[in-house]
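When reading the values below, keep in mind they use all heavy atoms of this one structure, side chains included, and skip hydrogens, waters and symmetry mates.
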Amino acid sequence: MIQALKGVRHLTSSTMKQAVSELSVPVPWGEIRGKVWGPDHGHPVLCLHGWADNCGSFNTLIPLLPKECRFVAVDLPGHGRSSHRPPGILSMFSSYLMDVRRVIDALQWSRFSIIGHSMGGNIGGMFSALYPDMVDALVLLDSYGFLPTETKEIPRLMRQGLDELLQFEKKKEEKKERVYTYEKAVERLLAGNQSLSEQSAKILLERGLVEVEGGFVFSRDFRINLKNVARITMEQCWEFLPRIQASVLVILAENGFEKIFAEPEQKQFTSAIVQAYRDRNHTVVTVPGDHHVHLNKPEVIAPFVSDFLQTRVVSALVQTSKL
């Protein structure tokens with residue numbers, strides 16, 4: 001079945017538990033792809049994956065969440081099946097905010113919730129601060145909503161990002177894409193993502209590989225590996241965070257982002273941000289697991305997310321409809 005909405009395409013297929021649609025939203029350089037779960041008129045929830053992942057990141061979690069919601073999980077540009085940005089363009093964090101606007105405008109959503117993992121949570125946090133009237137609930141999965149950088153480090157990181165893009169473009173002209181067997185592609189993904197189980201890696205590779213002559217190549221745009229030149233300081237973070245009007249649920253993994261990725265100076269930032277959420281009566285919980293616990297063991301976090309959405313969004317809508 002194909003339904004049209006401002007150029008949006010929904011290609012529906014059946015799974016054992018519920019119908020899942022493939023989403024396509026046209027953008028100036030191609031399309032943003034994704035997947036849709038849930039009823040047409042369910043409460044809209046946008047799901048944003050982490051760096052170098054794709055919307056398959058939510059495959060195991062969404063079936064455990066409230067059936068009254070309509071979940072749209074997108075492949076951010078340069079990830080999964082979405083188009084890569086045009087040649088010569090840096091992959092910048094701030095560009096993803098515009099991508100979210102493009103998707104929700106195409107879907108004609110005026111108010112919705114966000115579930116974001118890692119980088120997707122940072123996109124969700126910033127978007128919720130910039131458009132507080134549009135986001136009613138924000139779920140951060142092993143993410144803080146913001147990831148500030150030491151002010152003194154920003155010039156060095158900006159220069160590094162610019163230089164890396166120029167080097168990447170020169171090497172790309174000389175190098176051919178590496179072709180893997182499926183088994184070697186799984187090994188490669190697991191080697192670079194030690195928080196993934198083998199099954200989770202295979203789920204991500206459903207959208208993360210393209211079959212070519214002789215095997216498979218990774219579908220991602222390798223410019224996403226380059227240093228992000230769009231940074232925010234802690235001072236800027238304190239301007240953005242209080243602007244969030246949505247109810248916020250922060251779920252941190254015991255062996256997650258802070259232990260694996262955070263640099264020493266970032267840990268003091270993340271601790272301060274977590275305390276700021278608590279001070280504003282938002283919910284912060286810590287669960288056993290690693291950075292991809294939502295994909296590896298969704299049953300660990302599903303009760304928290306389900307209760308949060310049910311209480312803060314679904315029940316509130318039911319009450320409003322009775323008035």
Side-chain angles (χ1 to χ4, degrees), residues 32 34 42-51 55 57-58 61-62 65-66 69-74 76 92-149 228 230-252 257 269-270 272-285 294 301 304-314 316-317:
I32 292 177
H43 175 71
V45 182
L46 183 68
C47 302
L48 303 172
H49 63 77
W51 172 78
C55 72
S57 180
F58 298 99
L61 175 62
I62 288 175
L65 300 183
C69 294
R70 183 167 180 81
F71 298 94
V72 172
V74 296
L76 293 165
M92 294 200 300
F93 174 83
S94 52
S95 299
Y96 295 129
L97 299 169
M98 193 65 229
D99 299 328
V100 171
R101 273 306 305 259
R102 288 186 171 103
V103 170
I104 62 172
D105 284 356
L107 294 171
Q108 298 182 1
W109 288 359
S110 58
R111 193 159 172 81
F112 62 102
S113 304
I114 295 177
I115 299 176
H117 170 241
S118 194
M119 180 185 77
N122 295 340
I123 297 167
M126 182 66 79
F127 190 91
S128 299
L130 292 173
Y131 299 96
D133 54 317
M134 301 185 79
V135 183
D136 53 22
L138 173 64
V139 179
L140 303 175
L141 303 178
D142 209 34
S143 174
Y144 302 91
F146 303 91
L147 193 60
T149 301
N228 169 38
R231 302 275 172 164
I232 68 166
T233 65
M234 195 66 196
E235 184 178 10
Q236 290 172 311
C237 177
W238 291 138
E239 285 294 324
F240 285 113
L241 194 148
R243 296 174 188 268
I244 297 175
Q245 295 177 11
S247 298
V248 183
L249 169 64
V250 183
I251 300 180
L252 303 176
F257 181 88
F269 293 157
T270 55
I273 292 170
V274 167
Q275 187 57 50
Y277 286 126
R278 291 194 174 107
D279 291 343
R280 288 168 173 76
N281 295 317
H282 295 304
T283 305
V284 180
V285 297
H294 71 292
I301 70 161
F304 295 104
V305 180
S306 292
D307 181 65
F308 178 75
L309 291 177
Q310 199 75 46
T311 304
R312 305 300 173 93
V313 177
V314 177
L317 289 173

Over all atoms of both residues, closest heavy-atom pair of [X] and [Y]:
| X | Y | answer |
| --- | --- | --- |
| C237 | P148 | CB-CG, 4.1 Å |
| L138 | A246 | N-CB, 4.2 Å |
| Y277 | G145 | OH-CA, 3.8 Å |

For R111, does the CZ atom have more than 12 heavy-atom neighbours from other residues, nucleotides or ligands under 6.0 Å away?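 Result for CZ/R111: enclosed.
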
Assess whether atom CZ of F93 is packed by more than 12 heavy atoms of other residues, nucleotides or ligands within 6.0 Å.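 Check passes, neighbour count above 12.
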
State the [atom1]-[atom2] distance between [X] and [Y], to the nearest 0.5 angstrom.
| X | Y | atom1 | atom2 | answer |
| --- | --- | --- | --- | --- |
| F257 | D142 | CZ | CG | 8.0 Å |
| L65 | Q310 | CG | CD | 10.5 Å |
| R70 | I62 | CZ | CD1 | 11.5 Å |
| F71 | H43 | CZ | NE2 | 9.0 Å |
| L140 | I115 | CG | CD1 | 10.5 Å |
| R243 | S128 | CZ | OG | 13.5 Å |

Do S247 and H282 have side-chain atoms, one donor and one acceptor, less than 3.5 Å apart?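 On atom types as modelled, these side chains do not qualify, holding no pair under 3.5 Å.
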
Between T149 and M234, does the side-chain contact (heavy atoms from CB on, under 4.5 Å) criterion hold? Intermediate values first, please. CA-CA 7 Å; T149 301; M234 195 66 196; over 6 Å; no

Are side-chain heavy atoms of [X] and [Y] found at a separation under 4.5 Å?
| X | Y | result |
| --- | --- | --- |
| V250 | T283 | no |
| L141 | I301 | yes |
| L252 | V274 | yes |
| D99 | I32 | yes |
| L97 | L130 | yes |
| V72 | V45 | no |
| F146 | F240 | yes |
| R312 | S113 | no |

Are R102 and D105 within salt-bridge range, i.e. N to O under 4.0 Å?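 Here R102 does not pair with D105 in a salt bridge, since their nearest N and O are not under 4.0 Å apart.
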
Worked verdict on R231 versus L147 for side-chain contact (heavy atoms from CB on, under 4.5 Å): CA-CA 8 Å; R231 302 275 172 164; L147 193 60; over 6 Å; no

If we ignore hydrogens and angles and just use 3.5 Å, is the side chain of Q275 paired with the main-chain N or O of A272 as donor and acceptor?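 Here the side-chain-to-backbone pair does not exist.
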
With distance as the sole test, does S143 use its side chain to make a donor-acceptor pair with the main-chain N or O of S118 at under 3.5 Å? yes

Carefully, step by step, assess C47 and V74 under the rule side-chain contact (heavy atoms from CB on, under 4.5 Å). CA-CA 7 Å; C47 302; V74 296; over 6 Å; no

Would you call the rings of F127 and F112 parallel, tilted or perpendicular if under 30° counts as parallel and over 60° as perpendicular? tilted

Taking the six-membered ring for Trp, are the ring centroids of H117 and H49 within less than 6.0 Å of each other?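 When the ring centroids of H117 and H49 are compared, they turn out to be at least 6.0 Å apart.
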
